[in-house]
Structures are given as structure tokens and as C-alpha cells.
Amino acid sequence: MTANLEAELVARILQDNPGRMIARVGGSRWGRLFRPSPEEAARRPDKGMRVLLIGSWTLGLLALEALLALEEEAPGEVHLLGLVTDDPLDADAKISVSRRFWRYYTPEEREDYEWALLHRALGRGLPCYTGEVKCEAFRELLSAWEPEAIVVAAFGQVIDAAIIEAPAHGIYNVHPSDLLHHHGAGPQPWEDIAERKAAHNRVTLHRVSEGVDEGDVVGRSPAINVLMEDGSPCPDVRLIGEKSLVPVPAMVRELVRALTRRKARGERGFLSSLDFHELLPSHLIRRLGHPIRPTRHGHMLDLPEDEERYTV
């Protein structure tokens with residue numbers, strides 16, 4: 001991370017609330033631990049299924065919003081513990097910036113994305129960690145948080161067995177391609193769609209394993225139309241990506257609702273399947289069938305109103 005961007009990000013976080021604490025974590029080769037101010041932390045719930053979010057970029061922000069909404073909808077049933085996110089500005093961070101979606105953005109835009117997640121999470125009293133996860137420092141954080149379930153949504157580090165085995169109700173990744181049919185595994189799911197000139201995409205919810213995007217599929221979204229209005233293949237990877245994000249909040253909500261029901265029944269272990277065709281509302285499924293409609297700025301208009309603000 002350049003000194004100027006580092007200082008600017010920290011200043012923006014503290015400008016939101018000067019009572020926040022920001023510190024390097026001993027044993028982590030990069031990143032920081034951001035702690036909310038005492039008054040922000042005091043507003044956190046202390047009951048419900050303990051869920052940790054690991055994610056970044058717009059995909060992570062949509063997952064965060066879904067989890068925060070669940071906390072409000074079901075008091076005492078869901079308790080979001082914190083956020084683990086990428087630090088795309090730090091040159092020492094091993095998160096494949098040059099191969100992932102970050103490569104489409106300037107350093108200043110990457111700062112905006114990181115700030116947006118930290119701003120939202122800290123404002124709701126959540127601690128945020130931006131360092132490496134395959135180290136003892138993070139294992140100590142994980143042990144203190146004691147998550148019962150973990151949701152992953154756009155993360156650039158390989159998650160190891162120590163993390164996978166921590167939550168009693170499993171760890172699940174929201175991956176924006178059709179893994180069941182072996183499309184788009186790895187860091188460039190939408191480039192695969194553009195190269196194949198595919199008409200449809202799907203978002204896959206799968207169990208996390210130590211192999212990247214190799215865990216068992218739990219469920220898939222209905223088909224997502226990624227063609228342009230004239231029926232031609234979309235040439236813009238970012239437009240494909242933005243359209244593919246539309247079902248993510250609803251899928252995360254249904255996942256955690258299913259996990260809370262399992263917990264209430266005394267069940268543990270990974271959830272084996274979810275039928276998102278049955279669980280997602282009909283108006284959302286219809287929206288997935290719409291073609292891509294770019295705005296005058298070249299980005300997509302076809303997002304629900306409460307989610308459109310989270311796209312570039």
C-alpha cells in the first residue's frame with residue numbers, strides 16, 4: 001500500500017468515528033485489525049447464531065448487507081461477529097490482485113471499495129481484519145470469535161483446514177459462476193463467460209474446501225441472463241459480473257435462515273442442499289431473466305433499487 005493511500009484510508013475510517021482503534025496484528029505479514037468505537041460496539045447483539053463474514057468488493061458488501069438485515073429481521077437468531085476482508089492496496093498482500101476483479105480498478109477505486117466495506121461494518125459495531133488468514137494471529141482471532149457458521153463472498157486467500165473445521169455448522173462460499181458444470185472456477189469466473197459467449201450464468205453456493213472452488217455444491221441460483229438487449233453476447237466482463245451479483249443477497253439470507261433452523265433443531269455439520277428455485281421470490285427470478293441494460297455510464301441498471309447503489 002502506498003503511504004498516501006494508506007494514510008488516506010485510515011483518515012477516512014477515523015473521520016467516520018475518531019474513537020475507533022486501528023492496529024497492526026503481530027504475526028500477520030500484512031493488513032490491520034480495525035475495531036469499532038466503544039459506542040458502536042455496544043450496539044451489537046449478543047445472542048443468536050454466531051456468523052463470520054469473509055469477503056470483499058461489491059460481492060462482500062451485498063453479503064454483509066444481507067446478514068445485517070437478518071439481524072434486524074430476526075433479533076436473537078443471528079449474531080454477525082465481524083468481517084475479514086482483502087486489502088487490495090497492500091503490495092505485500094497475497095490476494096492475487098493482478099488476476100482477480102481488482103485489476104479492472106485503479107488504486108484509488110480499490111481504496112473506495114475497501115473503505116465502503118469497513119465503513120459499513122464498523123458503523124454497525126463489527127471488528128474488521130484485513131490481514132492474512134493462514135497464520136497463528138488469525139487463528140487466535142477466530143478462536144475468540146467462535147463462529148458457528150462462516151460465509152465467504154469474494155476473498156483472495158486460500159482458506160485452510162484450521163478455518164474450515166472451526167464452525168460447527170460449516171463454511172460456505174458464494175461463487176458467481178456455475179461450478180456444477182465446471183464453469184468459471186478460480187479468480188476469473190466472468191472472463192470464462194465472455195470467452196464462451198455464454199447466454200446464461202448461475203451463482204453457486206458451495207462448501208469450502210482446501211481446493212479452490214472444489215467443495216460440494218449446496219445450491220445454485222436460477223439462470224441469469226447475461227446477454228445484451230439485442231440478444232448478442234456481452235463483451236464487458238464488468239457488466240457480466242454486476243448482473244451476476246443480483247441474486248447474492250437473497251441467497252445469503254436463505255443460507256443463514258436454513259442454518260438457524262438447523263441449529264434450533266439441534267443439528268450440526270454442513271448443510272447439504274438448498275433449492276433456490278423454490279426459495280427465491282418470483283419477482284427476483286424474473287429479474288434474473290432480463291437482459292443486461294447498461295446505464296449511460298456504461299454500467300448496469302438491472303439491479304434491485306436497494307442494491308444498485310453498491311455497484312460501480
Side-chain angles (χ1 to χ4, degrees), residues 55-66 86 88 95-117 153-156 173-205 213 220-252 276 280 283-312:
S56 66
W57 186 62
T58 306
L59 183 55
L61 187 53
L62 290 173
L64 174 64
E65 291 293 344
D86 287 333
I95 58 172
S96 301
V97 167
S98 63
R99 297 182 61 207
R100 297 169 61 223
F101 48 80
W102 294 121
R103 67 192 177 121
Y104 295 107
Y105 304 103
T106 67
E108 290 75 17
E109 288 172 324
R110 294 173 190 172
E111 180 197 342
D112 285 342
Y113 275 108
E114 186 175 1
W115 173 82
L117 259 175
F155 191 60
N173 182 44
V174 183
H175 186 77
S177 74
D178 189 358
L179 295 178
L180 188 64
H181 290 94
H182 312 292
H183 294 312
Q188 298 182 2
W190 304 314
E191 286 82 351
D192 169 77
I193 292 170
E195 289 172 5
R196 290 188 293 110
K197 297 183 179 180
H200 296 92
N201 187 25
R202 294 179 189 267
V203 175
T204 302
L205 177 72
D213 299 330
R220 298 182 303 155
S221 73
I224 304 166
N225 186 347
V226 291
L227 295 176
M228 305 301 289
E229 287 189 282
D230 63 2
S232 64
C234 179
D236 190 326
V237 169
R238 285 173 60 175
L239 286 177
I240 294 171
E242 289 178 2
K243 179 63 183 291
S244 299
L245 300 182
V246 172
V248 167
M251 292 176 70
V252 170
F276 289 112
L280 299 191
H283 69 84
L284 177 58
I285 294 175
R286 287 194 299 272
R287 189 183 297 273
L288 298 183
H290 295 168
I292 292 176
R293 298 171 182 144
T295 68
R296 65 183 181 277
H297 303 295
H299 298 298
M300 200 181 71
L301 186 62
D302 189 27
L303 284 175
E305 290 181 1
D306 61 339
E307 294 163 14
E308 186 176 349
R309 59 197 170 109
Y310 299 124
T311 61
V312 180

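Only heavy atoms go into these numbers, but all of them, side chains included; no hydrogens, no water, no symmetry mates. All figures in this text were calculated on a predicted structure; none of them were measured in a lab.
Environment of CZ in R99: sparse, with no more than 12 heavy atoms of neighbouring residues, nucleotides or ligands closer than 6.0 Å.
Between V226 and I292, the closest side-chain pair of non-hydrogen atoms falls below 4.5 Å. You'll find the side chain of M228 stays beyond 4.5 Å of the side chain of P291, heavy atoms only. At a threshold of 4.5 Å between non-hydrogen side-chain atoms, the residues H175 and P189 count as touching. A 4.5 Å side-chain heavy-atom check between V246 and I224 finds every atom pair outside the cut-off.
Counting only distance, with no hydrogens or angles, the side chain of S177 and the backbone of H183 share a donor-acceptor pair below 3.5 Å. Between the K243 side chain and the L227 main chain, no donor and acceptor come within less than 3.5 Å of each other. Using a distance-only test at 3.5 Å, with no hydrogens or angles considered, no donor-acceptor pair links the side chain of R293 to the main chain of E229. Remark: side-chain polar atoms of N201 are paired, donor with acceptor, to backbone N or O of P176 under 3.5 angstrom. Using a distance-only test at 3.5 Å, with no hydrogens or angles considered, no donor-acceptor pair links the side chain of D86 to the main chain of P88. Side chain of S244 to backbone of I240: a donor-acceptor contact under 3.5 angstrom is found. Counting only distance, with no hydrogens or angles, the side chain of T204 and the backbone of L179 share a donor-acceptor pair below 3.5 Å. The main-chain N or O of A154 is found under 3.5 Å from a side-chain atom of S56 such that the two form a donor-acceptor pair.
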**Request:** Please test V203 against F276 for side chain to side chain contact (heavy atoms under 4.5 Å, CB included), starting from the C-alpha separation and ending with a verdict.
**Result:** CA-CA 10 Å; V203 175; F276 289 112; over 6 Å; no
**Request:** Tell me, with the steps shown, if E191 and R103 meet salt bridge (Lys or Arg N to Asp or Glu O under 4.0 Å).
**Result:** CA-CA 12 Å; E191 286 82 351; R103 67 192 177 121; 3.0 Å; yes
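Taking the side chain to side chain contact (heavy atoms under 4.5 Å, CB included) definition, one finds that S98 meets it with nothing, sequence neighbours left out. Residues satisfying the salt bridge (Lys or Arg N to Asp or Glu O under 4.0 Å) criterion with R220, sequence neighbours excluded, are D178.
The two residues L239 and C234 make their nearest non-hydrogen contact at CB-SG, 3.8 Å. Here the shortest heavy-atom pairing between N225 and H290 reads CB-O, 3.3 Å. P247 approaches L288 most closely through the heavy-atom pair CD-CD2, 3.8 Å. Between L117 and G55, the closest heavy-atom pair is CD1-O, 3.8 Å. Scanning all heavy atoms of the two residues, the minimum distance from P187 to R100 falls at CB-CG, 3.5 Å. Minimum interatomic distance between H200 and A223 (heavy atoms only, all atoms of both residues): CD2-CB, 3.9 Å.
Below 30°, between 30° and 60°, or above 60°: for W190 and W57 the angle between ring planes is between 30° and 60°, a tilted geometry.
Within the model, atoms OG of S96 and CZ of F101 stand 10.5 Å from one another, a figure rounded to the nearest 0.5 Å.
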